[in-house]
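To start, the structure itself, in structure tokens.
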Amino acid sequence: MVFNESFLDVRAYHSLSRMPNFENIIKILKKQAPDRPTLFEFMLSQAVMDAFTAEKSYTGSDVIKYLKRLTDTFHLCGYDFTCFHGSDFSFASDRKKEDEKSTLSLNEGFVINDRKSFENYQWQDPAKFDYSRISEIGKYMPDGMKIIICGPCGLLENVISLVGYENLCFMLYDDPELAEQVFNEVGSRLLKYYELSVGYDAVGALMSNDDWGFNTQTMLSVEQMRRLVFPWHKKFAELAHDYGKPICLHSCGKFDDVANDIAHVMQYDGRHSYEDNILPVEQAYEIYKDHFAILGGIDIDFLYRKTPAEIYERCRNMVKSAKTGYALGSGNSIAPYIPLENYLAMISAALFE
């Protein structure tokens with residue numbers, strides 16, 4: 001099918017008869033062929049949510065209203081799942097973001113920089129938070145749809161938020177025992193958070209979202225990643241698998257030096273987040289398709305700059321060539337600056353045949 005301007009009309013998606021079926025995500029994460037072209041996304045922008053649900057009204061608390069809107073948007077856009085946090089559990093720091101379009105320094109807002117500040121930090125207990133949103137949205141979702149539970153950021157991300165990136169680099173040499181303690185405090189709480197989330201019937205899979213790298217290398221040395229970061233990620237994956245559920249990794253940055261760890265040590269079922277200036281998803285698929293499922297991958301910059309027709313053509317070619325273990329989506333998430341018509345051009349490549 002060639003690109004059609006009707007793909008850019010939101011009403012076309014409201015009229016789709018396609019029902020969700022999470023078994024397609026399961027097949028993809030098993031590196032098998034789904035029954036039909038399948039979509040995968042981590043986060044959708046407010047603009048996408050507004051386009052699909054602005055005229056709808058919802059009941060419940062503010063959180064439940066938001067999650068119902070989010071779930072309806074995922075459904076109307078043709079996904080087999082919705083993705084959100086299991087509770088409001090998080091790691092408090094002084095990092096403050098003005099709005100969804102602003103950026104943050106990795107050195108900003110740290111609250112732990114020595115042993116005294118570590119001992120004074122008030123660690124939150126994941127068990128003291130409310131996870132009932134999972135069952136409530138589970139009842140709200142249409143049949144065949146499941147929830148993918150993501151984390152309140154990941155292990156390395158939260159350590160950097162608490163300590164600061166430059167501070168962490170110094171701490172790893174000046175006080176490696178303290179650095180390891182911070183990683184363990186964060187890791188144990190994330191594990192408990194996932195444990196409290198994974199057992200719900202409505203949960204189909206877990207996502208461990210933890211950015212590990214820059215365009216040229218991992219944020220820490222590979223040895224440090226293997227010693228401090230990966231053991232906890234292995235526990236996250238083991239937890240999901242113990243419950244008979246898959247788990248995928250969302251992680252930005254260059255990953256070739258740790259790809260074997262992702263697939264065969266931590267044993268993640270799929271990997272998400274790809275950038276053209278690191279490794280285009282078409283190449284990533286050919287290299288890693290036998291090791292883990294390839295999720296998303298259409299570069300964010302490409303989605304922003306190219307025309308809907310160009311986006312559709314690339315996405316359509318990817319869907320046609322990736323027969324097994326692939327779901328179409330962005331390389332990261334649908335950022336607020338991505339034009340709605342460009343997003344619709346991407347998903348239309350999977351929805352309209």
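Computation of the quantities below employed the complete heavy-atom set of this structure, encompassing side-chain atoms and omitting hydrogens, waters and symmetry-equivalent molecules. For clarity, every value in this text was computed on a predicted model and none was experimentally measured.
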Side chain to side chain contact (heavy atoms under 4.5 Å, CB included) between Ile294 and Ile28: does it pass, once the steps are laid out?
CA-CA 8 Å; Ile294 307 298; Ile28 287 167; over 6 Å; no

Run the numbers on Asp299 and Tyr274 for side chain to side chain contact (heavy atoms under 4.5 Å, CB included), then give the verdict.
CA-CA 7 Å; Asp299 186 84; Tyr274 298 89; over 6 Å; no

Would Phe118 and Leu178 satisfy side chain to side chain contact (heavy atoms under 4.5 Å, CB included), going step by step from the backbone distance to the final call?
CA-CA 8 Å; Phe118 169 75; Leu178 176 59; 3.6 Å; yes

Please test Arg133 against Asp88 for salt bridge (Lys or Arg N to Asp or Glu O under 4.0 Å), starting from the C-alpha separation and ending with a verdict.
CA-CA 10 Å; Arg133 66 182 64 172; Asp88 288 336; 2.7 Å; yes

Before giving the answer on side chain to side chain contact (heavy atoms under 4.5 Å, CB included), spell out for Asp210 and Cys153 the whole-Å C-alpha distance, their side-chain angles and the decisive distance to 0.1 Å.
CA-CA 6 Å; Asp210 194 20; Cys153 294; over 6 Å; no

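Remark: side-chain polar atoms of Thr218 are paired, donor with acceptor, to backbone N or O of Leu220 under 3.5 angstrom. Panel note: side chain Glu185, backbone Val182; no donor-acceptor pair is recorded below 3.5 Å. Proximity of a side-chain donor or acceptor of Tyr194 to a complementary backbone N or O of Gly151 within less than 3.5 Å is detected. A donor-acceptor pair is defined here as one N or O able to donate and one able to accept, closer than 3.5 Å; no such pair exists between the side chain of His75 and the backbone of Thr71. Using a distance-only test at 3.5 Å, with no hydrogens or angles considered, a donor-acceptor pair links the side chain of Asn342 to the main chain of Leu303. A donor-acceptor pair under 3.5 Å is absent between the side-chain atoms of Thr53 and the main chain of Thr73, judged by distance alone. With Ser333 contributing its side chain and Ala335 its backbone, the two residues share no donor-acceptor pair below 3.5 Å. Judged by distance alone, with hydrogens and angles left aside, the side-chain atoms of Lys245 form a donor-acceptor pair with the main-chain N or O of Val203 at under 3.5 Å. Side-chain N or O atoms of Lys68 include none that pairs as donor or acceptor with a backbone N or O of Ile137 at under 3.5 Å.
Taking the centre and axis of the six-membered ring of Phe91, the NZ or CZ atom of Arg189 falls outside the cone set by 45° and 6.0 Å. The cationic group of Arg314 lies under 6.0 Å from the six-membered ring centre of Phe302 and within 45° of the ring axis, placing it in a cation-pi geometry.
Between Ile147 atom CD1 and Phe22 atom CZ the span is 10.0 Å, to the nearest 0.5 Å. Separating the CZ atom in Phe230 from the CD atom in Gln224 is a distance of 11.5 Å, to the nearest 0.5 Å. Remark: Ile300 CD1 to Arg305 CZ distance equals 12.5 Å, nearest 0.5 Å. Annotation: the span from Tyr66 atom OH to Met49 atom CE amounts to 4.5 Å, rounded to 0.5 Å. The structure places CG of Leu196 at 11.0 Å from CG of Asp130, a figure rounded to the nearest 0.5 Å. Summarising the geometry, atom OG belonging to Ser330 is positioned 11.5 Å from atom CD1 belonging to Ile347; distances are rounded to the nearest 0.5 Å.
Between Phe170 and Tyr165, the distance separating the two ring centers is not shorter than 6.0 angstrom. Two rings, from Phe352 and Tyr13, have their centers less than 6.0 Å apart. Less than 6.0 angstrom separates the ring centroid of Phe52 from the ring centroid of His14. Ring to ring, Phe236 and Tyr268 are not that close: their centroids are 6.0 angstrom or more apart.
Partners of Asp174 under the salt bridge (Lys or Arg N to Asp or Glu O under 4.0 Å) rule, at least two apart in sequence or in another chain, do not exist in this structure.
Every pair passing side-chain hydrogen bond (donor to acceptor under 3.5 Å, both in side chains) that includes a residue from residues 136-152 is listed here, sequence neighbours excluded: Asp72-Tyr140. For the side-chain hydrogen bond (donor to acceptor under 3.5 Å, both in side chains) condition, no pair includes a residue of residues 119-128, sequence neighbours left out.
Note: Tyr79 and Phe81 have perpendicular aromatic rings, judged against thresholds of 30 and 60 degrees for the angle between ring planes.
With contacts defined as side-chain heavy-atom distances shorter than 4.5 Å, the pair Lys65/Thr59 does not qualify. No side-chain heavy atom of Met171 sits less than 4.5 Å from a side-chain heavy atom of Asn167. Using a 4.5 Å heavy-atom cutoff, the side chains of Cys150 and Phe42 are in contact. Residues Tyr58 and Lys56 are in side-chain contact: their nearest non-hydrogen atoms beyond the backbone lie under 4.5 Å apart. The closest side-chain heavy-atom distance from Trp212 to Glu157 is not below 4.5 Å. No side-chain heavy atom of Lys30 sits under 4.5 Å from any side-chain heavy atom of Asp269. Between Asp211 and Leu156 there is no side-chain heavy-atom pair separated by less than 4.5 Å. The shortest side-chain heavy-atom distance between Tyr288 and Asp290 does not fall under the 4.5 Å cut-off.
Of all heavy-atom pairs spanning Tyr285 and Thr324, the tightest one is OH-O, 2.8 Å. The minimum heavy-atom distance linking Asn21 with Asp80 is given by the pair N-OD1, 2.7 Å. Between Leu190 and Gly154 the shortest heavy-atom distance is CD1-C, 3.7 Å. Minimum interatomic distance between Cys252 and Asn332 (heavy atoms only, all atoms of both residues): SG-ND2, 2.9 Å. Across every non-hydrogen atom of Met318 and Val281, the tightest pair is CE-O, 4.0 Å. Among all heavy-atom pairs drawn from Thr38 and Asn24, the shortest one is OG1-CB, 3.6 Å.
By the rule that hydrophobic residues join a cluster once side-chain heavy atoms approach within less than 4.5 Å of another member, Ile148 and Met19 end up as members of separate clusters. Under the 4.5 Å side-chain heavy-atom criterion for ILVMFWY residues, a single connected hydrophobic cluster contains both Ile160 and Tyr173. Linking ILVMFWY side-chain heavy atoms closer than 4.5 Å, directly or via other members, places Tyr193 and Leu191 in a single hydrophobic cluster. Neither Leu206 nor Val265 shares a network with the other; the hydrophobic side chains, linked directly or stepwise wherever heavy atoms of I, L, V, M, F, W or Y lie under 4.5 Å apart, form separate groups for each.
With no hydrogens or angles considered, a side-chain donor-acceptor pair links Ser161 and Ser93 at under 3.5 Å. Side-chain contact check for His250 and Ser208: no donor-acceptor pair (N or O, by modelled atom type) lies under 3.5 Å. For the residue pair Ser117 / Asp114, a side-chain donor-acceptor distance below 3.5 Å is found, with atom types taken as modelled.
Screening Arg271, Lys234, Arg226 for a salt bridge (charged side-chain N to carboxylate O under 4.0 Å, His left out) involving Asp261 leaves a single residue, Arg226. Phe7 pairs in a side-chain contact (heavy atoms from CB on, under 4.5 Å) with only one of the listed residues (Glu341, Met1, Met346), which is Met1.
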